[in-house]
Amino acid sequence: MSITYLEAIREAQAKLLRDDKRVFIYGQDVGGTFGGAFKATKGLAKEFPGRVLNTPISEDAMVGTAIGAAMEGMRPIVEMQFADFSSIALNQVLNNAGTIFWRTGISCPITIRLPSGGTKGSGPFHSQSMEALYSHYPGLIVMTPATVEDAYTMLIEAVAIDDPVVYCEHKYLYYHLKADRLPSEGLPVGQARIARVGRDLTIVSYSAMLHESLTAAEKLAREGLEIEVVDLRSVKPLDTATVLASVARTGRLLAVGESFPWGGVTAEVIARVAAEGFHLLDAAPARVNAKDTPIPYHPNLWSAHRPSSDAIVAKARQLLRE
Amino acid sequence: MSITYLEAIREAQAKLLRDDKRVFIYGQDVGGTFGGAFKATKGLAKEFPGRVLNTPISEDAMVGTAIGAAMEGMRPIVEMQFADFSSIALNQVLNNAGTIFWRTGISCPITIRLPSGGTKGSGPFHSQSMEALYSHYPGLIVMTPATVEDAYTMLIEAVAIDDPVVYCEHKYLYYHLKADRLPSEGLPVGQARIARVGRDLTIVSYSAMLHESLTAAEKLAREGLEIEVVDLRSVKPLDTATVLASVARTGRLLAVGESFPWGGVTAEVIARVAAEGFHLLDAAPARVNAKDTPIPYHPNLWSAHRPSSDAIVAKARQLLRE
Amino acid sequence: MIENFLGSTADVGYNRPMLQTARPKEKPGIAGPPHERYFDAFGWMLLARTFEEKLASLYRGGRITGGVYVGKGQEAVSVACGIFLRKGDVFAPLIRDQAGRSAFGEPLVDVARTYLGSRQGPMRGRDGNIHRGRPREGQLAMISHLGAMISVVVGSLMAKRWRGEKGFIGLTTIGEGGMQTGSTHEGLNIAAVEQVPLVVVATNNHFAYSTPNEREFACQALVDRALGYGFEGYEVDGTDLAACLDVIGSAVKRARAGRPPQLVVASILRLAGHGEHDDFSYVTEDIRKQPFARDCLQLAERFITENKLVDAETLRAWRDQAAQEVEQAFSTAQKEPVPEGTEEDWCAISTRVLCDQAE
Amino acid sequence: MIENFLGSTADVGYNRPMLQTARPKEKPGIAGPPHERYFDAFGWMLLARTFEEKLASLYRGGRITGGVYVGKGQEAVSVACGIFLRKGDVFAPLIRDQAGRSAFGEPLVDVARTYLGSRQGPMRGRDGNIHRGRPREGQLAMISHLGAMISVVVGSLMAKRWRGEKGFIGLTTIGEGGMQTGSTHEGLNIAAVEQVPLVVVATNNHFAYSTPNEREFACQALVDRALGYGFEGYEVDGTDLAACLDVIGSAVKRARAGRPPQLVVASILRLAGHGEHDDFSYVTEDIRKQPFARDCLQLAERFITENKLVDAETLRAWRDQAAQEVEQAFSTAQKEPVPEGTEEDWCAISTRVLCDQAE
Ligand SMILES: Cc1ncc(C[n+]2csc(CCOP(=O)(O)OP(=O)(O)O)c2C)c(N)n1
Ligand SMILES: Cc1ncc(C[n+]2csc(CCOP(=O)(O)OP(=O)(O)O)c2C)c(N)n1
Ligand SMILES: [Mg+2]
Ligand SMILES: [Mg+2]
């Protein structure tokens with residue numbers, strides 16, 4: 001058997017619907033015979049009648065409705081058609097979902113699935129990675145699974161958690177990533193993972209960029225360089241301890257992210273390591289991000305905009321020379 | 001004569017309306033005899049009939065309308081009643097205003113005024129500092145004036161610039177800050193300012209936190225410590241050169257901001273200094289931010305949530321001990 | 001045929017929304033109150049007015065931190081929003097709903113606690129004044145962004161339906177200004193799509209802060225929006241308590257009976273500033289003389305007196321009781337300790353192990 | 001009295017919006033076309049259909065990067081949106097508006113360039129397909145977020161009014177799905193408040209992607225929303241070219257004459273997938289048999305043939321010409337160089353000195 005990242009997301013939702021009658025799925029085109037723009041809910045409306053519901057094109061109300069249901073004990077999963085459209089729901093997510101527990105003591109267990117990140121030809125409005133916006137504000141947990149296994153177990157955990165979770169699933173990984181089987185358990189949420197062991201440099205990454213980083217590490221391995229790669233798994237909370245422990249071993253840090261540079265995950269990672277692990281660093285930390293422009297439509301421009309394993313290799317070499 | 005930060009903003013707008021017939025002001029309650037929730041446009045509707053217009057409570061449409069007018073050659077100033085409500089306009093700002101020039105080559109000269117930051121008793125939805133959200137996305141200039149003079153000259157420049165500008169004016173400074181007169185010119189946009197010279201530690205700050213930082217520097221001066229304080233003025237573009245030059249002099253960096261910690265201005269400042277000025281640092285850089293919860297209503301909680309000069313002093317001492 | 005009187009059982013079939021304005025019933029010398037809940041409602045109005053007058057005076061005395069927003073002139077509409085709700089219902093009030101909140105069961109001392117910043121208040125000093133709520137008791141805690149609570153109520157009602165609860169409804173309020181937000185639109189539309197038992201009471205008090213109707217919307221009547229969402233729509237004179245009880249009470253009844261979502265649009269003038277910091281000098285003399293500018297509480301009192309529904313003694317006793325309850329609430333709250341920053345754990349989520357450690 | 005025919009001069013006074021459905025005029029054996037722009041319009045429809053068929057086949061052949069979204073079945077509505085516009089007007093089309101874009105003057109080669117990613121395309125490879133625009137020529141470049149362009153058009157029209165321009169209008173399109181966004185609501189309302197000369201053409205093609213009307217809205221007719229905004233509202237059978245020209249043409253005329261903003265709601269079925277990747281199997285046989293599922297282009301052609309408005313030769317010549325223009329556009333674009341990342345300066349703002357240097 002072989003299962004893709006996308007199928008893992010569908011399986012996780014099927015399991016959730018099966019095991020917990022408080023769970024329902026709410027989003028544009030998730031229901032009917034259709035099962036979502038990416039088919040992440042294919043077949044679920046039929047298997048779980050009345051619990052996989054199409055919504056109007058109303059992201060604000062989709063999230064507001066989920067919040068109300070969650071406060072009344074349900075466990076809604078909201079699918080945004082693309083992460084980029086969650087900008088319309090941002091107010092409900094940040095100011096409503098993110099503040100309810102702290103203000104009132106009532107928890108708000110909603111899970112918002114954001115099909116994120118760039119793919120060829122998708123352009124400025126169907127390619128965004130929005131984890132930094134959601135992580136900046138208090139009250140939310142932001143997950144960024146990079147593997148089929150994590151896509152599965154983290155989504156199940158997202159729904160189990162009593163707090164609002166923004167679950168960033170990467171569209172590039174949907175079909176590109178396969179696993180043999182689904183695990184019954186994963187690492188605890190909030191814990192990063194050493195995806196590759198090394199001793200010369202630590203690359204900290206997450207989501208699709210984990211794979212570019214691993215490829216870069218492979219390439220550098222051919223030159224005898226041993227790169228350690230950390231997969232953050234969730235960017236909020238961010239597992240500083242695991243990152244610091246890795247930097248303690250390697251003395252060097254390169255943070256890699258697909259979102260825009262200013263204030264992204266990479267800035268936060270470097271700020272933490274610089275503040276808490278300054279003495280561990282043998283050289284200046286560095287970061288590789290997308291460019292600070294909208295995400296281009298044309299594949300030639302897109303591949304120059306997005307961090308590639310080559311760009312990571314180049315930056316890593318530079319860092320190792322210091 | 002004595003002029004407040006708020007009056008400087010009103011004067012700048014009066015001058016802009018007087019000198020440039022392309023300028024108009026668009027926002028809730030800005031017009032009529034009222035002149036805005038904070039009176040930043042008091043009297044302007046009368047002096048400039050038909051050019052200071054009340055809008056419906058429709059932040060998305062307010063910004064959309066301004067974008068359309070700007071593309072047709074006008075120079076709109078949009079006032080948000082509170083920065084916090086700009087979450088509703090966020091999509092228009094990030095995805096429309098921020099992408100137009102890059103996508104089409106047509107510039108989009110809008111200025112969005114965000115009455116920002118905490119004041120006593122204002123609570124979670126009337127206290128926010130949103131500069132990090134706007135800086136993360138490409139295509140925008142984000143200004144954060146900390147002085148009466150900058151409030152004035154930077155607003156005039158904001159409107160002159162051919163690109164969208166998010167102008168974060170701090171509500172706490174509205175009445176607290178006074179100057180003798182308004183300058184005819186300021187530092188160029190994008191350039192930070194050394195607000196206080198020192199040699200033991202560099203504090204990088206902006207907006208209201210500049211003043212807490214200066215107070216902290218005063219307090220530390222009594223102990224013989226010479227603190228240099230940098231006022232960023234605009235957080236995007238962020239003047240890394242001035243910050244690095246200061247750190248080169250002091251060897252130590254403390255970044256202070258009022259917004260939430262994850263991915264805020266302080267993270268970006270530290271990431272840049274760590275990456276580009278690692279060898280300049282004699283100790284770990286540090287940051288002081290607000291707490292990672294919604295902004296509390298009760299003054300006791302608020303003053304514990306917001307960075308105070310005492311918190312800055314404590315962190316600075318710790319940093320200087322290293 | 002729609003019968004406005006709550007007493008009547010003749011509820012109606014589904015047809016296009018009827019734009020129906022209930023007018024004060026002026027039957028001179030009638031024997032009893034014009035609505036079975038009239039006296040109750042009057043009591044809540046009196047309590048709200050008395051409380052808010054005290055609150056405003058405390059505000060002027062610098063005793064309140066943060067803003068004070070009162071419902072002066074809107075008590076009749078607001079009380080009618082709260083008084084027909086029962087346990088299991090969901091109420092999402094806004095800034096001018098003291099009367100309705102009380103009528104739905106909010107203890108007055110919790111209001112005083114919120115304004116005075118007692119740590120024993122429902123928001124524990126974390127949030128203030130009008131944002132208070134008691135979600136466990138069905139009263140949601142509003143966020144400021146206008147319109148955002150409508151879809152939240154929709155979701156609560158869907159959850160109740162799924163759980164098999166019966167007979168519940170949701171009621172939420174909005175101003176004519178708030179009706180122009182995108183969030184309101186999406187919330188109203190999704191309510192109609194989900195066919196939840198919802199009543200939305202919109203009060204056109206002719207101003208959004210300082211902005212008059214002509215810069216807010218350009219339709220002839222806001223109630224016409226009902227049509228475009230598939231709501232049933234009604235207008236009501238918000239200065240007339242009996243009419244408010246009739247029209248809003250009927251809407252509540254229709255929602256409970258499983259009819260489509262209900263929109264009631266009340267017309268009134270805000271008889272105070274937007275908040276107590278505001279002198280509302282932008283409200284012209286001319287507007288203050290309009291029929292919609294009458295004071296609902298005075299009108300109700302006059303109606304009671306003129307029709308000799310109760311004697312002067314009783315009225316005085318009611319007033320005294322209100323004053324006493326208000327005194328009591330403030331004096332209790334005043335004695336309570338305030339929150340301290342040192343006692344907060346500064347974690348915004350309930351799963352404490354997942355609190356992020358960024359500083 | 002409203003006169004639908006563009007030829008007529010009898011335009012009308014202001015009253016409540018009239019819900020008016022223009023029906024195909026079935027006068028057998030008439031001498032001329034049923035509208036003075038009928039043949040022009042038919043030509044643009046033919047061009048759009050031919051172009052998009054070619055595009056779809058290139059897509060199936062893997063020759064196009066990104067999505068392909070076509071307007072099959074919506075050409076009559078779309079052409080009527082573009083054909084009455086003139087220099088100085090503002091047009092904000094959406095994803096199904098190839099016919100209207102062409103009619104308003106968009107060179108076909110620019111469309112081919114955008115899809116094939118030529119660096120000479122109007123978006124220089126930075127943005128693709130349906131997001132293309134030519135703001136300098138009055139055709140705005142849409143962002144994906146539905147409804148966001150409405151207020152942008154409002155602002156453009158306000159600017160033109162301030163500059164003293166005369167006789168201009170704005171026209172923008174939206175789907176029935178897009179009508180449920182908050183942005184659409186705010187945009188429509190602000191248009192009415194600002195009283196700009198705007199025409200909004202909403203096409204109910206019965207699906208938003210795979211979602212049928214019953215999960216999109218619950219009102220009886222979307223045109224009823226006009227009332228709630230202070231727009232004038234009209235319905236039209238979008239399969240009927242003459243009706244589209246009549247109703248949309250009249251709306252354009254009324255907007256130019258200074259009347260309130262106009263809403264036209266067309267009814268139709270999308271005769272292709274949401275995009276070419278979509279097999280639209282969710283559209284049942286039953287729906288495909290509805291009157292609104294007829295193909296506007298086939299209907300127009302049959303009307304022309306049956307009424308012997310032009311002979312078979314001419315029709316064939318028209319078709320050949322369209323095919324040739326399409327060939328030409330693609331073959332030009334195909335030869336052009338593609339953009340290269342190395343040639344980009346990666347600065348998103350026009351004030352280059354203010355580009356932030358973060359990496
Ligand atoms: C989205 C949003 N924008 C701005 C505000 C600021 N604001 C608070 S109350 C108010 C006026 C509200 O007017 P209306 O809805 O008519 O209610 P009223 O105060 O008249 O009862 C405004 C603009 C807000 N709360 N939400
Ligand atoms: C705010 C927003 N949410 C989601 C989408 C994704 N999306 C693109 S087209 C579409 C369906 C649009 O339906 P409709 O408005 O009826 O137009 P049609 O495709 O039928 O012409 C959706 C959901 C979007 N573009 N904007
Ligand atoms: Mg109002
Ligand atoms: Mg549609």
Side-chain angles (χ1 to χ4, degrees), chain A residues 27-37 53-61 81-82 84-89 91 119-127 260-264 266-267 286-308 311 315, chain D residues 64-67 114 117-119 121 123-129 131 142-148 175-184 207-212 214-218 274-275 277-278 280-282 284 338-349 355-359:
Chain A
Q28 292 151 28
D29 303 297
V30 296
T33 56
F34 192 63
L53 298 174
N54 283 348
T55 64
I57 308 178
S58 300
E59 283 80 4
D60 182 284
Q81 196 147 83
F82 285 80
D84 316 50
F85 298 121
S86 76
S87 53
I88 308 294
N91 182 61
T119 51
K120 211 170 60 161
S122 296
F125 310 118
H126 292 74
S127 304
F260 305 117
W262 198 111
T266 58
R287 49 183 168 160
V288 177
N289 289 304
K291 302 263 189 280
D292 191 28
T293 71
I295 300 147
Y297 151 76
H298 196 281
N300 287 356
L301 302 184
W302 179 64
S303 48
H305 185 273
R306 171 187 194 248
S308 62
K315 191 59 121 183
Chain D
I64 305 287
T65 311
T114 310
S118 155
R119 82 207 302 174
M123 311 305 273
R124 297 161 292 162
R126 292 177 175 188
D127 204 346
N129 52 56
H131 298 110
M142 67 175 273
I143 66 167
S144 290
H145 303 71
L146 293 166
E176 89 293 345
M179 285 193 79
Q180 315 318 323
T181 70
S183 195
T184 293
F207 287 88
Y209 210 153
S210 75
T211 301
E214 57 270 28
R215 290 295 299 169
E216 301 190 74
F217 55 84
H274 172 65
H277 57 277
D278 171 27
F280 59 122
S281 56
Y282 46 80
T284 61
V338 292
E340 297 299 341
T342 47
E343 286 164 19
E344 289 281 328
D345 70 353
W346 303 113
C347 176
I349 57 177
C355 260
D356 185 55
Q357 299 305 320
E359 297 205 315

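Keep in mind that what you see is a predicted model, and the values were worked out from it rather than measured. The figures that follow rest on heavy atoms only: side chains count, while hydrogens, waters and symmetry mates do not.
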Taking side chain as C-beta onward, heavy atoms only, is D:T181 less than 4.5 Å from A:I88?
no
If we only count heavy atoms from C-beta on, is the A:I57 to D:Y209 side-chain gap below 4.5 Å?
no
Heavy-atom pairs under 4.5 Å with chain D are the metric here; pick the option from A:P124, A:S87, A:G123, A:S122 that has the most.
A:P124
Between chain D and each of A:S303, A:S58, A:G31, A:A61, count heavy-atom pairs under 4.5 Å; write down the option with the most.
A:S58
Which answer fits [X], side chain, backbone, both or neither, if we ask what part of it has an atom under 4.5 Å from a heavy atom of chain D?
X: A:K291; answer: side chain
X: A:T33; answer: side chain
X: A:N54; answer: both
X: A:T119; answer: neither
X: A:Q81; answer: side chain
X: A:L301; answer: both
X: A:A37; answer: both

Engaged part of [X] at the chain A interface, taking heavy atoms whose separation is under 4.5 Å:
X: D:C355; answer: neither
X: D:T114; answer: backbone
X: D:R119; answer: neither
X: D:L146; answer: side chain

Roughly how far, to the nearest 0.5 Å, is CD of D:E216 from CD of A:Q28?
10.0 Å
To the closest 0.5 Å, what do you measure between NE2 (A:H126) and NE2 (D:H131)?
5.5 Å
Hey, does the side chain of A:H305 reach the backbone of D:G341 with a donor-acceptor pair shorter than 3.5 angstrom?
no
Looking only at non-hydrogen atoms, find the nearest pair between D:G66 and A:Y297 and report the distance.
CA-CE1, 4.4 Å
For residues D:E359 and A:N289, report the shortest heavy-atom separation together with the two atoms involved.
O-ND2, 2.8 Å
Hey, which of D:A348, D:S210, D:A358, D:G275 has the most heavy atom pairs under 4.5 Å with chain A?
D:S210
Flag the one option from D:H145, D:Q180, D:E340 with the top tally of heavy-atom pairs under 4.5 Å to chain A.
D:H145
Once you measure the plane-to-plane angle for D:Y282 and A:F34, does it fall in the parallel (<30°), tilted (30-60°) or perpendicular (>60°) bin?
perpendicular
